[in-house]
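What follows is a single structure, written as structure tokens, with notes after it.
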Amino acid sequence: METESRYKSISLWQGFPVEGKARLTPFPAVNGNGTACIVCPGGSYFWLDKVNEGRLAARWLQSSGITAFLLEYRTAGVPAFMTRFRLGSHVIRAHRSMQDVFMALRYVRENAGVWNIDPERIGVLGFSAGGHMALMAAEKNGGKVLGELGIDTTVDLSPRFVGAVYPVVSFVDRCTHRRSRRGLIGDFNGHHEQLRRELSAELNVRPDMPPLFLVSCDDDRVVDPRNSQILNDAMRFYGAKIDYHRFRTGGHGFGVNASLTTPEASTWMQAFLDFVSRV
């Protein structure tokens, strides 16, 4: 097993007139099974947890035979959080991370042969706000998202599967994680009804969505677990495929670090690998 990626990160927007930076770092699996997974850390759309939900998650997938790609997507930034900076151009900013995840899918699928990946077995795994982004990858039309930037693609941008661990889901329900909403669309723009609904995963479920692996903990005091519960209800209502793991204990922000959660919640990792093997 490789304990660190030997490969340099890839600048996703190099050569494109796009504001901001997003990077993708590959963690090729040793004796891989052809499956790949893009990892999206959380951080309330202000920052990224690059350790427990980032590098450690990528290494865990790598050691499990899955080639991982750690996505460092664009966020509002720590200064915006510290100063309560009122983000302008909310519609443009709200779609940046979505553009990043589809650009990552585009890169991985177009270069599947380089990394010994089956182009039909590329998924997305996200945590907290990164989980929200993974859900957007499952629900939105990637070709349309990139097409609005003048970027053509010849490959399908739908993930084969999606994992969302204690995700941010709704921007309209009372369970909204307001810090993530502020990081994505700004303080005053939190009342922009059409945009809030567009970004609420429970309101955009489709029967033909990729299979979803969902995790929540009832004692999560950061992102209200009702986010996952209303998403599960919507998925089941529309007949979309879902594997929901609701734990009584576990908290939030543990990623793949079992020492930061309970034995009960740490079982999500093996359950996720089992889920991936079935889809």
Pairwise side-chain contact, D218 with F247, heavy-atom cut-off 4.5 Å (strictly under): no
Distance (rounded to the nearest 0.5 Å) between F102 CZ and L146 CG: 7.5 Å
Chi angles and distances behind the side chain to side chain contact (heavy atoms under 4.5 Å, CB included) call for E110, T153: CA-CA 9 Å; E110 287 185 347; T153 181; 3.7 Å; yes
Nearest heavy atoms of A68 and V39, plus distance in Å: CB-CG2, 4.4 Å
Pairwise distance CG(L184) to CZ(F46) - rounded to 0.5 angstrom: 9.5 Å
G250 backbone acceptor or donor facing D219 side chain under 3.5 Å: yes
Ring geometry between W13 and F16 (parallel below 30°, tilted from 30 to 60°, perpendicular above 60°): perpendicular
Side chain to side chain contact (heavy atoms under 4.5 Å, CB included) evaluation trace for V165 with W268: CA-CA 9 Å; V165 182; W268 82 265; 3.9 Å; yes
Cluster link L203 to V169, ILVMFWY, side chain under 4.5 Å: no
Short side-chain to backbone donor-acceptor contact, N111 and V114, under 3.5 Å: no
Minimum-distance pair of heavy atoms, taken over all atoms of T267 and P263: CG2-O, 3.4 Å
same_hphob_cluster(I185, V172) at 4.5 Å side-chain heavy-atom cutoff: no
Distance (rounded to the nearest 0.5 Å) between H252 NE2 and T261 OG1: 11.0 Å
Shortest non-hydrogen contact from S44 toward H177: OG-CE1, 3.5 Å
Heavy-atom check, side chain of C40 versus side chain of I38, under 4.5 Å: yes
Minimum heavy-atom distance A138-P210, with the two atoms named: O-CD, 3.5 Å
Which residues share a ring-ring contact (aromatic ring centres under 6.0 Å, His included) with Y107, sequence neighbours left out: none
S259 side, atom OG; N52 side, atom CG - distance, nearest 0.5 Å: 7.5 Å
Side-chain donor or acceptor of Y73 paired with backbone N/O of P41 under 3.5 Å: yes
D152 atom CG, neighbour heavy-atom count above 12 within 6.0 Å: no
Flag, side chain of S170 to backbone of D173, donor-acceptor distance under 3.5 Å: yes
Side-chain (N227) to main-chain (D224) donor-acceptor, under 3.5 angstrom: yes
Side-chain touch M235/F237, heavy atoms, less than 4.5 angstrom: no
Under 3.5 Å donor-acceptor, E53 side chain and G42 backbone: yes
Distance-only donor-acceptor check, side chains Q270 and D274, under 3.5 Å: yes
Basic-acidic side-chain contact under 4.0 Å: R206, E139: no
Single-linkage hydrophobic cluster, 4.5 Å side-chain cutoff, V168 and I230 together: no
R109 (side chain) donor-acceptor with D156 (main chain) under 3.5 angstrom: yes
Donor-acceptor pair, side chain of R74 and main chain of R96, under 3.5 angstrom: yes
Intermediate values then yes/no, side chain to side chain contact (heavy atoms under 4.5 Å, CB included), K144 and L157: CA-CA 10 Å; K144 180 179 179 181; L157 297 181; over 6 Å; no
With M136, the side chain to side chain contact (heavy atoms under 4.5 Å, CB included) member among L199, N204, V101: L199
Beyond-backbone contact of K241 with L212, side-chain heavy atoms, under 4.5 angstrom: no
Under 3.5 Å: donor-acceptor pair, side chain of R196, backbone of F171: yes
Close side-chain approach of I66 to V276, heavy-atom, < 4.5 Å: yes
N/O donor-acceptor pair under 3.5 Å between Y166 side chain and F254 backbone: yes
Spatial distance of atom CZ (R55) from atom OG1 (T25) [nearest 0.5 Å]: 9.5 Å
Residues N116, T67; criterion side chain to side chain contact (heavy atoms under 4.5 Å, CB included); working and verdict: CA-CA 9 Å; N116 297 315; T67 292; over 6 Å; no
H245 and E264 side chains, donor-acceptor separation under 3.5 Å: no
Contacts of F272 that satisfy ring-ring contact (aromatic ring centres under 6.0 Å, His included) - sequence neighbours left out: F213
Residue pair Q229 / E202, side-chain heavy-atom distance below 4.5 Å: no
Residue pair G253 / D49: nearest heavy atoms and the distance that separates them: O-OD2, 4.2 Å
L149-V155 co-clustered via ILVMFWY side chain contacts under 4.5 Å: yes
From CZ (R226) to SG (C175), nearest 0.5 Å: 5.5 Å
Hphob cluster co-occupancy, V18 + L12, side-chain heavy atoms under 4.5 angstrom: yes
Test item: I122 and I117 side chains (from C-beta on) under 4.5 Å apart, heavy atoms: yes
Between H132 and S180: side-chain donor-acceptor atoms closer than 3.5 Å: no
Contact check, side chains of F161 and D243, non-hydrogen atoms, under 4.5 Å: no
Distance-minimising heavy-atom pair for Y45 and T75: O-CB, 3.4 Å
